[in-house]
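Read through the structure below, which is laid out as structure tokens, and then see the notes.
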Amino acid sequence: MTEPMMITKNMRNDRAEKVSKIIENINRNIKRASEQGLHECYFACSKDSYSEAPFYKEVRERFESYGYRIKPTGYIDGVWQRTEHIEW
């Protein structure tokens with residue numbers, strides 16, 4: 001019987017780097033919005049994006065564990081948006 005390939009150290013490190021870059025990007029957005037007196041901004045990690053989807057759950061859980069809330073953007077000009085916003 002064939003077994004699944006073991007997850008290598010390089011595979012784990014690559015994943016950690018990608019998650020870290022997404023978190024850095026979101027942190028920049030939060031800082032910019034906070035400096036403008038806002039309490040929400042675009043959550044720049046999409047479950048619908050080919051490059052971000054594999055990391056979406058992990059990134060979302062990390063921010064939620066710090067007290068952030070992630071919610072759908074909602075309607076803009078009568079059109080439901082597939083994006084999300086992060087609130088603090």
Side-chain angles (χ1 to χ4, degrees):
M1 179 194 294
T2 304
E3 298 293 327
M5 179 179 143
M6 295 296 292
I7 297 175
T8 66
K9 185 176 180 181
N10 287 342
M11 292 164 73
R12 288 186 202 281
N13 289 341
D14 182 58
R15 180 177 187 81
E17 286 178 30
K18 289 182 178 167
V19 167
S20 182
K21 286 182 182 185
I22 293 169
I23 290 173
E24 286 174 11
N25 189 31
I26 295 169
N27 283 340
R28 274 194 305 275
N29 290 346
I30 290 170
K31 183 178 181 193
R32 196 174 315 129
S34 182
E35 288 171 349
Q36 295 174 3
L38 302 173
H39 292 276
E40 72 173 0
C41 66
Y42 172 63
F43 184 64
C45 183
S46 174
K47 58 187 165 206
D48 297 321
S49 165
Y50 179 77
S51 62
E52 298 168 352
F55 314 107
Y56 173 82
K57 183 177 177 185
E58 184 175 350
V59 170
R60 181 180 177 134
E61 287 173 353
R62 287 216 197 159
F63 276 97
E64 288 177 332
S65 74
Y66 275 77
Y68 291 94
R69 293 176 308 280
I70 291 120
K71 64 172 191 147
T73 299
Y75 289 95
I76 296 178
D77 294 330
V79 179
W80 180 257
Q81 305 301 302
R82 295 180 62 142
T83 57
E84 294 177 307
H85 274 69
I86 185 167
E87 301 177 324
W88 55 92

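For the numbers below, each heavy atom of this structure counts, side chains included, while hydrogens, waters and symmetry mates do not.
Residues Tyr56 and Ser49 form no side-chain contact, since every pair of their non-hydrogen atoms from C-beta on lies 4.5 Å or further apart. Put simply, the side chain of Lys31 does not reach to within 4.5 Å of the side chain of Gln36, judged on heavy atoms. Using a 4.5 Å cut-off on side-chain heavy atoms (C-beta onward), Asn27 and Ile23 make contact. Annotation: side chain of Phe63 is not in contact with side chain of Cys45 (no heavy-atom distance under 4.5 Å). Using a 4.5 Å cut-off on side-chain heavy atoms (C-beta onward), Ile7 and Arg12 make contact.
In the hydrophobic clustering of ILVMFWY residues, with side-chain heavy atoms under 4.5 Å counting as a link, Ile22 and Tyr50 come out apart. In the hydrophobic clustering of ILVMFWY residues, with side-chain heavy atoms under 4.5 Å counting as a link, Trp88 and Ile70 come out together. Transitive grouping of hydrophobic side chains (ILVMFWY, heavy atoms separated by less than 4.5 Å) brings Tyr66 and Phe55 into a common cluster.
Across Gly74 and Trp80, no two heavy atoms sit closer than the pair CA-CZ3, 3.4 Å.
In this structure Glu40 satisfies the side chain to side chain contact (heavy atoms under 4.5 Å, CB included) test together with Lys71, His85, Glu87, sequence neighbours excluded. Residues satisfying the salt bridge (charged side-chain N to carboxylate O under 4.0 Å, His left out) test with Lys47, not counting sequence neighbours, are Glu84.
We find that Glu17 and Lys21 are not joined by a salt bridge, their nearest charged nitrogen and carboxylate oxygen being 4.0 Å or further apart.
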Subject >> Derivation and outcome, side-chain contact (heavy atoms from CB on, under 4.5 Å), residues Tyr42 and Thr83 >> reply: CA-CA 8 Å; Tyr42 172 63; Thr83 57; 3.7 Å; yes
Subject >> Criterion side-chain contact (heavy atoms from CB on, under 4.5 Å) on Ile86 and Arg69, from CA distance to verdict >> reply: CA-CA 6 Å; Ile86 185 167; Arg69 293 176 308 280; over 6 Å; no
Original post:
Should Asn10 and Asp14 be marked as a side-chain contact (heavy atoms from CB on, under 4.5 Å) after you check the CA-CA gap, both sets of side-chain angles, and the distance that decides it?
Top reply: CA-CA 6 Å; Asn10 287 342; Asp14 182 58; over 6 Å; no
Subject >> side-chain contact (heavy atoms from CB on, under 4.5 Å) evaluation trace for Tyr68 with Arg60 >> reply: CA-CA 9 Å; Tyr68 291 94; Arg60 181 180 177 134; over 6 Å; no
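Between the side chain of Arg32 and the backbone N or O of Cys41, no donor-acceptor pair lies under 3.5 Å.
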